[in-house]
Amino acid sequence: MSDKIPVTVLTGYLGAGKTTLLNRILSEPHGKKYAVIVNEFGEIGIDNDLIVGADEEVFEMNNGCVCCTVRGDLIRIIDGLLKRKGKFDGILVETTGLADPAPVAQTFFVDETVSGKTALDAVVTVVDAKWLKDRLKDAPEAKNQIAFADVIVLNKTDLVTPDELKDVELRIRAINPFAKIHRTTRSELALENVLSQGAFDLDRILAIEPHFLEGGHHHHDEDVQSFSFSTDQPLEAKTFFAWIDNVSQVQGPNILRAKGILSFKDDPERYVMQGVHMMFEGDHQRDWRDGEKRESRMVFIGRDLNEKALREGFEACIAK
Amino acid sequence: MSEDVIRSVAEIVTPYEAGAHVVACGFLGEEAVFATGEGEIVFASGRKVATHPGAGILEAVCDGEKIYTCGDDGRLAATDAEGLVETLAEVKNKWIDHVALGPDGALAWSSGKTAFVRTKKGERSLEVASTVGGLAFAPKGFRLAVAHYNGVSLWFPNLDAKPDFLEWKGSHLGVVWPQDGKFLVTTMQEPAMHGWRLADNKHMRMSGYPSRVRSMSFSHDGKLLATSGAESVILWPFGTKDGPMGREPGMVAPAREGSRVSCVACHPDKEAVAVGYTDGMVMMVRISDAAEILIRGPEGGEVTALAWHKNGVSLAYGTDEGKAGVLNL
């Protein structure tokens, strides 16, 4: 997996500070070259990198899966970029403010060439601390962008009071308790917090306190929920894959994102997986280390998810 | 694979270093040339011509006198046997994604949603609903097939009429016509192809591939369409009025374990097809009895380009790791 080209997807509602962050990434002396896929030329002017304009052409795959939409332009561009392998260290994809991140993320699962040669490193969502609450009311895309994020850059924090900031963070946490949040002004943050995140290295979900949302300030989002299930007993691989396959088919349209770290019976290796709607992919990641707690955990973020059914299904995968 | 010892001509193949991903190859006069992802035309003599300096070549087609290349620098260039480069078209801040050769020196190319055709008479363009996935001129009549999302537009560039639209949901990428012009076939984003019988626009679904079909080649008589994407070369029967409808495709030249066919090129006048694989192997197979001749062993890299000289005696190949070679039979 290590030789795959990492892809960072930058999302964020209009005016949140996405282009500022992109320019920052490109202009800092990190010694790396990026191929940058943007919506519009003009605002970015860096000579050292490959910049490509994209058209955000979303289309449905003919695979019987209604929610399986991909970005055709991204497949085409990445196909082209792969002919210049070795000329860049990573790919940055900037989406328009109104974009649904699902087709972008699914592109990295669905196309064999794209998924074989590149790996989605992280979805980074820039949000405006002052206006987020309003956007959550009137723009469903803004909520999806948060639900999808691995990293959230909470920008323009200088424009709000400490209490307002805390409140907006709680709103974000209610939608997505698993993403890393970085508070910034003018999108200023160390780039190691944005690049090379290894979203596939999902250790972070193990670090999340499962009851994080249940104690103290209760702040559930009205239509996006997130669940986390864990067990320290090994899972039966066959049962688990049959279950997750069924979950993806039945609840797929409602699953915005899913991630898991899994410990299977009689398997010395840690298994990691992630999914978007009906597309799931997973792989053995590495051996479980001596003394490492062999815990399995799945997290789901989505709409109208049946928590009880998911929990029972997960628990039924525990090896007898 | 049979137990028989496979004949090999690998020892008479001349290897070359193209230095970068070989996007396409061809022959200018008698000399093989390789177009690379690093924007160069690499001649068999060793000469390198930077036709797209600092950029990458996305597609190339060759008519024996010139090789036409389009790139991510937004340029369409023609390079001749002397290495002279001429810029034929240029777009700002965009790629020229595809290029195709037509009759009487006509040339088509596309950038984003716009297809262009240039003839001796001038240049015309056609904007389609979404990004062009592939271009191909009809073998008869001056007509261009423009593949895009949800179908193919058939355009007569010399007429002002609206193009005919062949609809089929999905993203259509490569497009080819058989020599009789009676069918049209596209490769799709899914591991499948789609075809139309043009007499009645009847659909043909050609599926069952384990991976995306990236390479198609009609046999010299148009009776078979050889395709990549599976563990063997899949040969679809054409040449009858129903084409492949209701008929099983043939399969020849199976890959080694774990490998697949990545590239195919039918011989210009014999019933034979050159086959490249994802493990770098190159073979030639006679269609009538599936007899195989090894041209290059599975030495790594994926075969991304194959081209016959029109004399049928020389074959050039190239890989994504920049290895190339020429066989002179």
Side-chain angles (χ1 to χ4, degrees), chain A residues 3 5 33 35-45 47-66 68-88 91 103 106-117 279, chain B residues 20-24 35-39 52 54-59 70-74 91-98 111-113 129-134 148-150 168-173 188-192 194 205 207 209-212 214 229 260 262 278 302 304 320-322:
Chain A
D3 58 346
I5 300 165
K33 274 187 83 168
V36 190
I37 303 172
V38 297
N39 313 296
E40 271 176 44
F41 281 92
E43 294 176 72
I44 296 161
D47 304 331
N48 200 29
D49 300 272
L50 284 163
I51 298 188
V52 189
D55 294 316
E56 299 219 336
E57 290 184 323
V58 174
F59 72 94
E60 271 175 45
M61 292 290 290
N62 283 330
N63 55 5
C65 157
V66 286
C68 186
T69 51
V70 297
R71 283 269 305 269
D73 57 315
L74 275 186
I75 296 175
R76 178 177 62 86
I77 288 168
I78 289 171
D79 257 359
L81 289 174
L82 288 172
K83 292 173 183 150
R84 306 186 66 188
K85 225 166 25 186
K87 289 285 154 177
F88 51 90
I91 299 174
Q106 289 184 146
T107 301
F108 295 93
F109 293 81
V110 92
D111 183 76
E112 191 187 32
T113 311
V114 172
S115 66
K117 305 263 171 81
M279 323 242 62
Chain B
H21 184 119
V22 180
V23 174
T36 76
E38 291 305 327
H52 297 260
I57 293 172
L58 295 166
E59 255 183 34
C70 58
D72 58 18
D73 54 355
V91 290
K92 200 167 173 254
N93 285 342
K94 292 192 92 167
W95 294 7
I96 293 185
D97 306 293
H98 304 288
S111 178
K113 296 174 185 175
S130 58
T131 299
V132 175
H148 45 85
Y149 296 154
N150 297 332
W168 186 259
K169 201 169 162 264
S171 178
H172 298 264
L173 302 171
M188 302 201 63
Q189 172 60 41
E190 295 81 19
H194 196 80
R205 290 192 69 181
S207 56
Y209 289 87
S211 67
R212 200 175 353 145
R214 287 173 173 273
R260 281 179 192 156
S262 58
T278 54
E302 176 174 329
T304 46
D320 66 346
E321 293 179 348

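Below, read A as the first sequence line, B as the second, and so on, with proteins coming before strands; counting in each chain starts at 1. What you see is a predicted model, and the numbers here were worked out from it, not measured in a lab.
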Is the count of non-hydrogen atoms from other residues, nucleotides or ligands lying under 6.0 Å from B:Lys113 atom NZ greater than 12? yes
Do you know which of B:Asp320, B:Asn150, B:Thr131 has the most heavy-atom pairs under 4.5 Å to chain A? B:Thr131
Under a 4.5 Å cutoff for heavy-atom pairs, which residue among A:Val70, A:Thr113, A:Asp73, A:Leu81 has the most contacts with chain B? A:Thr113
With a 4.5 Å cut-off on side-chain heavy atoms, are B:His21 and A:Leu82 touching? no
Carboxylate-amine/guanidinium proximity below 4.0 Å for B:Glu38 and A:Lys85: no
Close side-chain approach of A:Asp111 to B:Arg212, heavy-atom, < 4.5 Å: yes
For the pair A:Lys83 (side chain) and B:Ile57 (backbone), establish whether a donor and an acceptor sit closer than 3.5 Å, ignoring hydrogens and angles. no
Are A:Phe59 and B:Gln189 packed together at the side-chain level, in the sense that at least one heavy-atom pair is separated by less than 4.5 angstrom? yes
Exercise: identify the closest heavy-atom pair between B:Trp95 and A:Ile77: CH2-O, 3.5 Å
Using side-chain heavy atoms (C-beta onward) and a distance below 4.5 Å, is B:Leu58 in contact with A:Arg76? no
Candidates B:Pro210, B:Pro191, B:Ser211 - the one meeting side-chain contact (heavy atoms from CB on, under 4.5 Å) with A:Glu112: B:Ser211
Any residue meeting side chain to side chain contact (heavy atoms under 4.5 Å, CB included) with B:Ser130, in chain and number order, not counting sequence neighbours: A:Glu57, B:His148, B:Tyr149
